[in-house]
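Any value given below was found using the heavy atoms of this structure, including those in side chains, with hydrogens, waters and symmetry copies removed. So you know, we letter chains A, B, ... as the sequences are listed, proteins then strands, and number each from 1.
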There are 2 protein chains.
Amino acid sequence: MSRAASIKDVANHAQVAVGTVSNVLNNPDRVSKRTKDRVLQAIDELGFVRNDAARQLRAGHSRTIGVVVLDVGNPFFTSLVRAAEDAAAVNGSAVLLGDSGHDANRESHYIDLFQEQRVQGLLISPVGDVADRLEALRQRGVPTVLVDRLADEDRFSSVSVDDDAGGYLAARHLLDLGRRKLAFVGGPLSIRQVSDRLAGARRAVAEVDGAALEVLDSDGQSVLAGRGVGNSLMERGAGNMPDGIFCANDLLALGVMQSLTMMNGVRIPDDVALIGYDDIDFAVSAVVPLSSIRQPTDAIGRTAIELLTEELDAQHPRHRAVVFTPELVVRQSTAGVEATP
Amino acid sequence: MSRAASIKDVANHAQVAVGTVSNVLNNPDRVSKRTKDRVLQAIDELGFVRNDAARQLRAGHSRTIGVVVLDVGNPFFTSLVRAAEDAAAVNGSAVLLGDSGHDANRESHYIDLFQEQRVQGLLISPVGDVADRLEALRQRGVPTVLVDRLADEDRFSSVSVDDDAGGYLAARHLLDLGRRKLAFVGGPLSIRQVSDRLAGARRAVAEVDGAALEVLDSDGQSVLAGRGVGNSLMERGAGNMPDGIFCANDLLALGVMQSLTMMNGVRIPDDVALIGYDDIDFAVSAVVPLSSIRQPTDAIGRTAIELLTEELDAQHPRHRAVVFTPELVVRQSTAGVEATP
DNA sequence: TCGTAACAATGAAACGATTCAAAGGCGAGA
DNA sequence: TCTCGCCTTTGAATCGTTTCATTGTTACGA
């Protein structure tokens, strides 16, 4: 169990100076072919691998970007992270992934960790009130781009989707089908995305005479939570059911669907039209294929890295807020009975 | 944009030696309360954060474990990684996550990266033939635990699920329902998990007179790939259809289901019984709730970290191969017509 | 043949935290 | 008052890499 070879070992083995070995690795054209070959052979023979810690100690920063998401289990973020990873790789950077799980403490923990790692920058979809911490980080040359969250442009760049517009789209779609007793499922409302989607839905409902929207707070964002809401909805009896349900995300919608159709025989979309949000892969393979609002996750991830790179490169960057507009995806769960032959 | 504060800055600010600051951080009880308070105040005022690069340079290793999975999009791995993360956190270690995407080059790339990072150890669910590289790493004090893959115990520890037993369970279940014309969907067969599941299925089929199993190679492991297989199955016409399909994972099964039921009106389970593998969250909310084989992902992740820790602690550890047995989960997609009233 | 420019290779210094042998300070007991 | 021992604090050495001013070498034109 021998210690890992260092650049010094390589230098000795190849009979050159340490600086030369370093040049072979970082400035190959400054080194003559003869020497280079000798060094490369030594590297090979010793199985030398660069020590990144020493490297970034010298450099003062790593080649790493920290990403803190709300929930890695959520396909929206999985997809986003993957796009960010690919985009970062182009610049030779790797991604460190942290999952806050909607918990401000865990979030804070990851910011600590990433700060210790001296990440180049941060992509974060914040839970708690971390603006001041991030501001302090920025002052030290570690920029942050907020993801899935519109930022105050004076302070940070951000990439987001217009959740209000998404909520409007969803509710408007239900209203266009002739539904009037709408319900919004989502929670906790303290999450900005959730409350924005609700606000958009309210806006749409306000435009239509005789339309009403009730809010059903869910305990979390999972299929299970959705099922819970569905079950409590069923307890009301058929007369008090909404005829259109908009869920703050697809997982909730799938849970609601499960509860209504499988356990209680409610027909979707005939009795109740249902629409989710995020358009995850599984939306299409639900009991009744689920209508949803699609967010351009790839573009979000890519753009986030782009904005971060801008901030890293420029001396006094202007912060930018890029807002993507989501898109309505109609499937069977809201295929209006009118539309069905 | 000031440089980040170093331990030296803290020492100056608090009027103590650098060694004292280090002691405050690492051996608080060696320092008098008076001094400690002064140092802590300085740390606070300067916003000092430990530089992990310097720390691990000195230490010779990081407090990090590298994890390379086949596909982060696959909930099996997401769940496994999360469990591993939690288990590692108990030892004060963090996890670096790499996604090989079934690509030996990407896998190799991540091993390089993690080696540069001087990870303490590696959890890997290998694609290519990396045994020799991992062996070399182990010789240098960086142990590996193979995940979801039975290892040669002479060389590595491993945590796996008995895929052969799982395949047997699935096929046996279909046979018990009276199905005789079985099909196995999965690919590429070069992936050990896939071929093991197939082998188990073959074993079950061999036990029953008049039972046959055909193999349908899928192009990947996604819902889309499954849909592709389903479509090409439909082109055969009704007479040539299998009456029981076993898919190497749930994503494939959902794709097949989609193709057969939604696009082609095949009844599941009446015409064709369908079973998947992994029992992902969405299995239960598919068009027809999907029977599956459940793997204990949490236990796998936890155990993997446990084995790794053993190898790190012991001088001459004995390698262990822990094999979990999967479990049959019956849902509607194989609820035998016999069983339905 | 000499001078000079272009090119190669050198090796010491620096990055920031940890470690550890050594020094300093203090009080108690002789 | 002196000594011994204990507790606290010190600061130089170390980890492995990169950088850069310096030295050494070569080739070419005058």
If you check the [X] side chain, which of [options] turns out closest?
X	options	value
B/N23	D/dT9, C/dT18, D/dG16	D/dT9
B/T35	D/dT10, D/dT9, C/dA9	D/dT9
A/R58	C/dG16, C/dA13, D/dT10	C/dA13
B/S32	D/dT8, D/dT18, C/dA17	D/dT8
A/A17	C/dG11, C/dA17, D/dG16	C/dG11
B/T20	C/dA17, D/dT8, D/dT10	D/dT10

Using a cut-off of 4.0 Å on non-hydrogen atoms, how would the nucleic acid contact of A/S6 be classed: base, sugar-phosphate, or nothing?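 Counting heavy atoms under 4.0 Å across all strands, the contact made by A/S6 is with sugar-phosphate only.
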Which part of the nucleic acid, if any, lies within reach of A/V21 when heavy atoms closer than 4.0 Å are counted: base, sugar-phosphate only, or nothing?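 Answer is nothing: A/V21 stays at 4.0 Å or more from every strand.
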When the nearest nucleotide of DNA chain D is assigned to A/R30 and to B/V31 on a heavy-atom basis, which residue is associated with the more 5' position?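 Final value for this comparison: B/V31.
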For B/V18 and A/N51, take the nucleotide of DNA chain D holding the closest heavy atom to each; which residue's nucleotide lies nearer the 5' end? B/V18
Rounded to the nearest angstrom, tell me the gap between atom CD in B/Q56 and atom P in D/dT17.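 For the pair B/Q56 CD and D/dT17 P, the rounded distance is 12 Å.
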B/H61 NE2 to C/dT18 C1', in whole Å, measures 12 Å
Rounded to the nearest 0.5 Å, how far apart are OG of B/S100 and CD1 of B/I124?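 The CD1 atom of B/I124 is 7.5 Å from OG of B/S100, to the nearest 0.5 Å.
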In terms of the nearest nucleotide of DNA chain C, which residue is placed more toward the 5' end: B/A53 or B/N27?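 Result: B/A53.
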Without swapping roles, check the side chain of A/R106 against the backbone of A/D99 for a donor-acceptor pair under 3.5 Å. yes
